[in-house]
Visitor: 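If you scroll down you'll find the structure; I have some questions about it.
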Amino acid sequence: MDKFQKNKAFYHLPGLFEFYELYRVFLPLFCEHREYFYDWCEIGSIYGAPADCIWGGGRVGCGEYDPREVLTLMRKYGISARLTFSNSLLRKEHLSDRKCNGLCALFAESEGQQNGVIIHSDLLLDYLKMNYPGFYFVSSTTKVLTDFQQLLSEVRRDDFRYVVPDFRLNRAFDKWKTLPGSMREKVEFLCNECCWFGCKDRKSCYEAVSRKNLGENFPDHHCTAPDAKNGYRFSKAMKNPGFIGIEDIKNIYLPMGFSDFKIEGRGLGSALILEFLLYYMTKPEYQLLVREEVYLDNMLDLF
């Protein structure tokens, strides 16, 4: 896709490995029946990590699909694949991990759309730049960049094509207006976060996931947010002060020169991911049709 089309929103979607079966059905619909979908949006990338990747972060990876099949699907539809390697606690001895290096060797040399890595650790960044120069890099939201000056420093780094700020900066419009156009092109907003807006433990939560991916014996992080026991609810996310809906994208962010939007959800079920695809990308009059096409072609994990 032409990244520099005017007035286009580029969505970065969850579940590269986790929801392969869903995308195997959805992508043909999206590409062959564009009349079902908003003409102002495109798929910028699909991101994720397979199970048992020690470089993984943000969520514990659970995808079991063959990486070569995943890559073939992305190539077929010209979509950039992003490996989510945002573990914040990596040490030098972790860099030799065979599985993660094998994934990098496969995805870095892909033909067609350039693939990327979502990354937290500067140690890993330096290693990947030296050994797999075919990638572009995305600064992960797991850095919890809530201070705007700190975020600016990150955006100015030449290492990153995109930077994902903490969702609590989403509506700091007085600050976003101060960015020059070239910097706005690097900002990728997290749209549908359900986390409590007042959370002060977000970084600790991500570190707990990093430890789990490394196989370390460490107590699980206990979320103290109100209603945490209810888990993710899209209806609750829509009420979050940091939520970015389609009207916000069309009427606020695109006119300001921001075009990249990340949808979270790797740790959710594919039925809920489909609801995100319907809400953010599908015209209302076609949502039932798309839902039925996907359900009839693919058994989703509804329960």
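Computation of the quantities below employed the complete heavy-atom set of this structure, encompassing side-chain atoms and omitting hydrogens, waters and symmetry-equivalent molecules.
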Visitor: Check R75 with E111, please: is the shortest side-chain N to carboxylate O separation under 4.0 Å?
Guide: no
Visitor: Are any of the side-chain heavy atoms of M74 and L27 separated by less than 4.5 Å?
Guide: yes
Visitor: Compute the centroid of each ring, for Y162 and then for H12, and state whether the two points are separated by less than 6.0 Å.
Guide: yes
Visitor: Between H120 and T142, does any side-chain donor sit less than 3.5 Å from a side-chain acceptor?
Guide: yes
Visitor: Indicate yes or no: does R157 engage D159 in a salt bridge with an N to O separation below 4.0 Å.
Guide: yes
Visitor: Does any N or O in the side chain of K283 come within less than 3.5 Å of the main-chain N or O of E35, such that one atom is a donor and the other an acceptor?
Guide: yes
Visitor: Could you walk me through whether D39 and R34 pass the salt bridge (Lys or Arg N to Asp or Glu O under 4.0 Å) test, one step at a time?
Guide: CA-CA 7 Å; D39 58 7; R34 284 298 273 126; over 6 Å; no
Visitor: Any side-chain donor-acceptor pair under 3.5 Å between Y47 and R266?
Guide: no
Visitor: Between K8 and E42, does at least one N-O distance fall below 4.0 Å, as a salt bridge requires?
Guide: yes
Visitor: Provide the closest heavy-atom pair for E18 versus G48 in the form atom of the first, atom of the second, distance.
Guide: OE1-CA, 3.8 Å
Visitor: Test side chain to side chain donor-acceptor pair (under 3.5 Å) on N101 and Y132; report intermediate values, then the result.
Guide: CA-CA 9 Å; N101 276 282; Y132 305 102; 2.8 Å; yes
Visitor: Could you check whether any side-chain N or O of N115 sits under 3.5 Å from a backbone N or O of R82, counting only pairs where one atom can act as donor and the other as acceptor?
Guide: no
Visitor: Would you say the side chains of Y11 and S45 form a donor-acceptor pair under 3.5 Å?
Guide: no
Visitor: Are a donor atom and an acceptor atom from the side chains of S139 and K143 found within less than 3.5 Å of each other?
Guide: yes
Visitor: Parallel, tilted or perpendicular: which one describes the rings of W55 and F85, with boundaries at 30° and 60°?
Guide: perpendicular
Visitor: Can you give me the closest heavy-atom contact between L16 and F107, atom names plus distance?
Guide: CD2-CE2, 4.4 Å
Visitor: Report the C-alpha distance between S80 and Y136 in whole Å, list the side-chain angles of each, state the deciding distance to 0.1 Å, and finish with yes or no for side chain to side chain donor-acceptor pair (under 3.5 Å).
Guide: CA-CA 10 Å; S80 176; Y136 68 86; 2.8 Å; yes
Visitor: Looking at D66 and R68, is any side-chain nitrogen of the basic one under 4.0 Å from a carboxylate oxygen of the acidic one?
Guide: no
Visitor: Do the side chain of N87 and the main chain of I54 share a donor and acceptor less than 3.5 angstrom apart?
Guide: yes
Visitor: Given the side-chain rings of F26 and F37, with only the six-membered ring counted for Trp, is the space between their centroids under 6.0 Å?
Guide: yes
Visitor: Let me see the working for D166 and R168 under salt bridge (Lys or Arg N to Asp or Glu O under 4.0 Å), right down to the final yes or no.
Guide: CA-CA 5 Å; D166 188 86; R168 285 164 290 196; 2.7 Å; yes
Visitor: Same hydrophobic cluster for Y295 and Y286, using side-chain heavy-atom links shorter than 4.5 Å among ILVMFWY?
Guide: yes
Visitor: For residues F258 and F189, establish whether the separation of their ring centroids is below 6.0 Å.
Guide: yes
Visitor: Looking at F173, I'd like to know if the NZ or CZ of R171 sits under 6.0 Å from its six-membered ring centre while staying within 45 degrees of the ring's axis.
Guide: no
Visitor: With the 4.5 Å side-chain cut-off for hydrophobic clustering, are M256 and I249 part of the same group?
Guide: yes
Visitor: Can we say R291 and E275 salt-bridge, meaning some charged N sits less than 4.0 Å from an Asp/Glu carboxylate O?
Guide: yes
Visitor: Can you spot which of N192, L274, I246 makes a side chain to side chain contact (heavy atoms under 4.5 Å, CB included) with Y279?
Guide: I246
Visitor: Do W176 and F148 have their ring centres less than 6.0 Å from each other?
Guide: yes
Visitor: Go through R161 and E185 one step at a time and tell me if the salt bridge (Lys or Arg N to Asp or Glu O under 4.0 Å) criterion holds.
Guide: CA-CA 9 Å; R161 182 178 296 183; E185 292 173 358; over 6 Å; no
Visitor: Carefully, step by step, assess E193 and K239 under the rule salt bridge (Lys or Arg N to Asp or Glu O under 4.0 Å).
Guide: CA-CA 10 Å; E193 179 58 66; K239 298 175 184 177; over 6 Å; no
Visitor: Identify the two heavy atoms, one from R184 and one from L179, that lie closest to each other, and give their separation to 0.1 Å.
Guide: NE-O, 2.7 Å
Visitor: Less than 6.0 angstrom separating the ring centers of Y36 and F30, yes or no?
Guide: no
